[in-house]
Amino acid sequence: MLRYWFRPAPLDRPCALLLSLCSLVGGVALAWHHPLWPIQALVLFALWSLVVAWRPGLWLMVVPTCVGFLNFSPWTGWIVFDEYDLLLLATLSGGYARWALSPQAGPLAPAPRAMLLFTALLGGFGLWALFRGFEDAGGMAWDWFAGYTDAMNSVRVFKSLGFALLFVPLLEQELARSATQANQRLASGMAAGLAVVTLAVVWERAAFPGLLNFTSNYRTSALFWEMHVGGAALDGYLALSAPFAVWAVLSARRPVVWAGAAMLALLAAYAVLTGFARGVYFAIAAALLILGVLLQAQASSVSPQDLTASRWRACRAGDWRTKASLVLVLALVTEVVAVLGTGSFMSERLASTHRDLASRLEHWQRGLAMLDSPDDWWLGKGLGRLPSNYAKLGPRSEFPGSARLGEEQASGGTPPYFLTVLGPPTVKALGGQYAMTQHVSHVFKQQHQIHVDIRVQKATQVRIHLCERHLLYEGACQTASRWVAPNGSGWQSLVLPLQGPALNRGPWYAPRLAMLSLSVLNAGGAADFDNLRLLGPSHHNLLRNGNFSHGLAHWFPAAQSYFLPWHLDNLYLEIRVERGMVGLLLWLALLGYALWQLASKPARLRPLSPYLAASLCAALCVGLVSSLMDVPRIAFLFTFLTFFSIQTSAKEGRTPAATGQGLPAREKSQTARSPSAQT
């Protein structure tokens, strides 16, 4: 491993073993503290570590596949950590263990100087920004259920960069083993992950607004639970992965495989269009344009004889591809016309573009106002500190509410826990737009009542909602709202009937979710909740952890309509505020170098180079109007693809890739082919 970073390599295996052990310890600790399934998490962590050690390279397909769904935050209550972290730690543990213990693991070529410089600077400055975040938060304080204003939020933002840097040597090892196979696995993983996300989008829209309802102001979030406070997790993922739907169509050779790839393209187009995000529309259009130009440049670099022969073979293979491609194009055009036709929600958004731009510019100016010293200007406020600092700018920037876990010693010696929910500090209009929620089941076609212990210090208006709800948007609801006045004994036991229509389960093929939420409506109000029970006609408690004895497990904060304090809605300003001008210049240099590598000859002749370039450009375009680095899964995928682009391109200029030395016979034969044959 050290041979990749530095010239001497006597400590390759000991360093790999150390990294494997550190990843193993971190993964075991994380799995053991899983709020819901610690034993299952430990078993799966161990099994995947063994699979990675036993079957090298498989992880390169699994890791991108799982980005879009491996997170259960609404049930665990975790915000800083998630199950995807366990997957990454298990991959690192198994990958480095094989490197350290397998006699087949050979040495790597030394890292290119530019790659070494970028990783050293990014890693070093990332750690510095992490410690600045701790300092801004008043010191490090470990909390498994920490939120966005705590010091642990700096860890949440840093982990994507940290994980991506740790994967760099493992990526180089896979590329040295077989660059063609590594590219194929990565692209297959991206396409498979896109399939999972688009199916989740189809389910969500079928369950709530309706598959063909393009007029309601419902914007999908799929399985990106990080969007519980808004954000652009789904937008960023679609931008990064959409070019690989094109790859799936163009690389399919059999009609059955092509049909599956065409369906993926249609589903991806549906997910993009029904997100109603103007930035994503622009990003995908730009990415497809860049992809077309690069593919044409790649094709034109082949000799006329090879290109003519390749096209003749394609025609002889059957005219089905030409006809099927025409049908696919017509279907995609029909999708666009149907979704963006007259009367759609997107028409309203396009009409309000000028007004939205003005409010966004004001939002950006307020964000930059947080940089009030030369240190902030050059080094930033620290990782993860944007939400807390933005909320301090005044009433127009405050949080719509907050929640925390409380603890007090009981007379019997047992420390009972309770939940404190606060309303907006000063702005009454923000009341009810923040709540602590729990997904519940078996609540459809019934009326319910809430049994709860409440304590308040002053008159407070509380609201308890039971709604058809996936994450951000509510359907039918049963509600109880009441002003609670303090009394001498402190805690009050209340029984609150929920008023409203019975909830609808939805169609069998797209069942709806239901969510209970606790919120405070009046500005400056606060209420303590404990011993919550949701009872239906059967009088069985439908809530879990209603006494908070397991911390915030099963409880998850969610905002509605108002998300300003959590996101700056611009990738570049987001980096600028949290990492300073130095951090922004480093990121721009890294991405510029990656794109330059992908576009330079002969690296651009690699089959995957156009798709990687289009993916990174799409993410940069989305970043003009969206934040990406505050969503760990998206930030990791973005950084991971950037490093992969540099490494797979750099191999063209280095001995193993250029001469075939150290590569398997299959790889030697593949590097000798023409670009059209590899594609």
Side-chain angles (χ1 to χ4, degrees), residues 74 77 79 145-150 153 227-231 366 386-408 417-438 450 452-467 469 471-474 477-487 490-494 496 498-500 515-532 534 543 546 548 552 554-567:
I79 293 177
F145 294 103
Y148 293 98
T149 60
D150 300 315
N153 195 46
M227 294 177 68
H228 67 125
V229 288
R366 293 179 67 82
L386 189 151
S388 180
N389 284 278
Y390 189 93
K392 297 175 183 177
L393 294 177
R396 297 172 61 190
S397 305
E398 66 186 35
F399 288 114
S402 60
R404 60 176 181 264
L405 187 67
E407 178 182 352
E408 61 184 3
Y417 296 91
F418 59 91
L419 175 69
T420 300
V421 179
L422 298 91
T426 61
V427 182
K428 181 181 178 180
L430 297 179
Q433 296 189 27
Y434 178 93
M436 286 297 288
T437 69
Q438 180 175 145
I450 284 285
V452 59
D453 293 343
I454 294 182
R455 181 175 61 185
V456 296
Q457 302 299 323
K458 65 178 183 178
T460 301
Q461 187 179 15
V462 301
R463 184 178 68 187
I464 301 178
H465 254 2
L466 178 62
C467 298
R469 182 174 172 183
L471 186 61
L472 298 178
Y473 299 92
E474 296 175 346
C477 292
Q478 296 178 14
T479 305
S481 180
R482 174 179 294 190
W483 280 93
V484 180
N487 64 4
W491 288 100
Q492 308 174 50
S493 295
L494 302 179
L496 304 175
L498 298 179
Q499 304 294 329
M515 181 182 290
L516 181 87
S517 60
L518 312 174
S519 57
V520 170
L521 302 184
N522 60 306
D528 299 332
F529 294 87
D530 200 1
N531 299 320
L532 281 149
L534 175 64
L543 288 180
F548 306 100
L552 293 179
H554 292 287
W555 293 95
F556 193 55
Q560 289 180 293
S561 304
Y562 177 81
F563 312 117
L564 290 183
W566 288 283
H567 313 281

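Note that the structure is a prediction, hence the values are computed from the model and not measured.
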field: Thr426 and Glu398: side chain donor to acceptor below 3.5 Å
entry: yes

message: Just by distance, no angles: are the side chains of Arg366 and Ser397 close enough, under 3.5 Å, to form a donor-acceptor pair?
response: yes

State the [atom1]-[atom2] distance between [X] and [Y], to the nearest 0.5 angstrom.
{"X": "Met515", "Y": "Leu471", "atom1": "CE", "atom2": "CG", "value": "6.0 Å"}
{"X": "Leu521", "Y": "Trp483", "atom1": "CG", "atom2": "CH2", "value": "8.0 Å"}
{"X": "Leu466", "Y": "Leu498", "atom1": "CG", "atom2": "CG", "value": "6.0 Å"}
{"X": "Asp453", "Y": "Asn531", "atom1": "CG", "atom2": "CG", "value": "4.5 Å"}
{"X": "Gln492", "Y": "Arg455", "atom1": "CD", "atom2": "CZ", "value": "11.0 Å"}
{"X": "Arg404", "Y": "Phe418", "atom1": "CZ", "atom2": "CZ", "value": "8.0 Å"}

- request: Take Val421 and Asp528 through the side-chain contact (heavy atoms from CB on, under 4.5 Å) test and state the conclusion after the steps.
  value: CA-CA 6 Å; Val421 179; Asp528 299 332; over 6 Å; no

Can you name the nearest heavy-atom pair linking [X] to [Y], along with the distance?
{"X": "Thr437", "Y": "Ser517", "value": "CG2-CB, 3.8 Å"}
{"X": "Leu472", "Y": "Ala559", "value": "CD2-O, 3.6 Å"}
{"X": "Ala403", "Y": "Tyr434", "value": "N-OH, 3.7 Å"}
{"X": "Pro424", "Y": "Asn522", "value": "CD-O, 4.2 Å"}
{"X": "Val462", "Y": "Ile454", "value": "CG2-CD1, 4.2 Å"}
{"X": "Leu552", "Y": "Leu419", "value": "CD2-CD1, 3.9 Å"}

Are [X] and [Y] side-chain neighbours, meaning at least one heavy-atom pair lies under 4.5 Å?
{"X": "Ile464", "Y": "Leu496", "answer": "yes"}
{"X": "Pro486", "Y": "Gln457", "answer": "no"}
{"X": "Gln438", "Y": "Leu543", "answer": "yes"}
{"X": "Phe399", "Y": "Leu430", "answer": "no"}

Backbone of [Y] reached by a side-chain donor or acceptor of [X] within 3.5 Å:
{"X": "Asp150", "Y": "Gly147", "answer": "yes"}
{"X": "His228", "Y": "Pro557", "answer": "yes"}
{"X": "Lys458", "Y": "Ala526", "answer": "no"}
{"X": "His567", "Y": "Val229", "answer": "yes"}

task: Mind running side-chain contact (heavy atoms from CB on, under 4.5 Å) on Leu532 and Leu518 for me, showing each step along the way?
output: CA-CA 10 Å; Leu532 281 149; Leu518 312 174; 3.6 Å; yes

task: I would like to know whether Gln560 and Glu474 meet side-chain contact (heavy atoms from CB on, under 4.5 Å); could you show each step before the answer?
output: CA-CA 9 Å; Gln560 289 180 293; Glu474 296 175 346; 3.3 Å; yes

- request: Please work out whether the ring planes of Trp566 and Tyr148 are parallel, tilted or perpendicular, with thresholds of 30° and 60°.
  value: perpendicular

query: Less than 6.0 Å separating the ring centroids of Trp555 and Phe548?
result: yes

message: Is it the case that atom CZ in Arg463 sees more than 12 heavy atoms from other parts of the structure closer than 6.0 Å?
response: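 Atom CZ in Arg463 is packed in, count exceeds 12.
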
